[in-house]
Amino acid sequence: MAGYLAKWGIKGFLISPDKIVPFNNLSTSFALKSENNTDTSGTAPTNTRGRELQEITFTTTYMTATGVDPRKQMKEWYALVGKTYPLYIGGEQFGPPLLQLEKVDWNNYQFAPNGKIISADASITLKEYSGNAQKLDAQTLASFADSSINRTQSSINADNVLKAAVLSIEPTSEQKQNKKIV
């Protein structure tokens, strides 16, 4: 099978004899985070607060005619909302080290006469992740190394696999209950 054009977590975009999952309309931007100050006592009118979190968007089309089940892809993306992974394009990391799936917009559905979805377009929005990553124990790392995610990322070096593993860990229910609201 041909190599992936782009990958984010377990989702890959490729063109091969068996399957076509295009990677289109890539868009991103960098913005300065600032706020205006209306104080007339001599302080600067604009306070620069760093950089806004980077957002990356792109589109793809899932078609049964190209070897992909659109309904299955919808379920997979649904399960990934909120997950964080690095984005790789051409085998190299693109954008921030971690990107969180914010949303997937679906449109342009096409149906077979029996009502089965045979084509759908997806607009994917990833946003730079600024949360705290949890530490990995040896057992978690070993189980991740044996997973299918690791096998599909063979072109990514071990450091990047470790980053992806850290991003896939979610807080426990106890940690969620102990979360302090500031």
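Quick note: numbers below take in every heavy atom, side chains included, and nothing from hydrogens, waters or symmetry partners.
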| task | Measure from the side-chain N and O atoms of Q73 to the backbone N and O of E76, and report whether any donor-acceptor pair falls under 3.5 Å. | result | no
| query | Okay, side chain of T84, backbone of L99: is any donor-acceptor separation there less than 3.5 Å? | reply |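 No, the answer is negative, given that no donor and acceptor are paired below the 3.5 Å cut-off.
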| task | May I ask you to check whether F23 and Y4 place their ring centers less than 6.0 Å from one another? | result |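 Here the rings of Y4 and F23 have centres that are no less than 6.0 Å from each other.
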Answer with yes or no whether the side chains of [Y] and [X] bring together a donor and an acceptor at under 3.5 Å.
X	Y	value
Q54	T28	yes
N24	T59	no
Y62	W106	no

Non-hydrogen side-chain atoms of [X] and [Y] separated by less than 4.5 Å:
X	Y	answer
Y85	L87	no
E55	L126	no
L26	I56	yes
I118	F111	no
V104	S123	no

| Atom NZ in K11, atom CG in L80: separation rounded to 0.5 Å? | 7.0 Å
| message | If you apply the rule salt bridge (charged side-chain N to carboxylate O under 4.0 Å, His left out), what do you find for K127 with E52, and how did you get there? | response | CA-CA 10 Å; K127 191 165 191 174; E52 294 285 347; over 6 Å; no
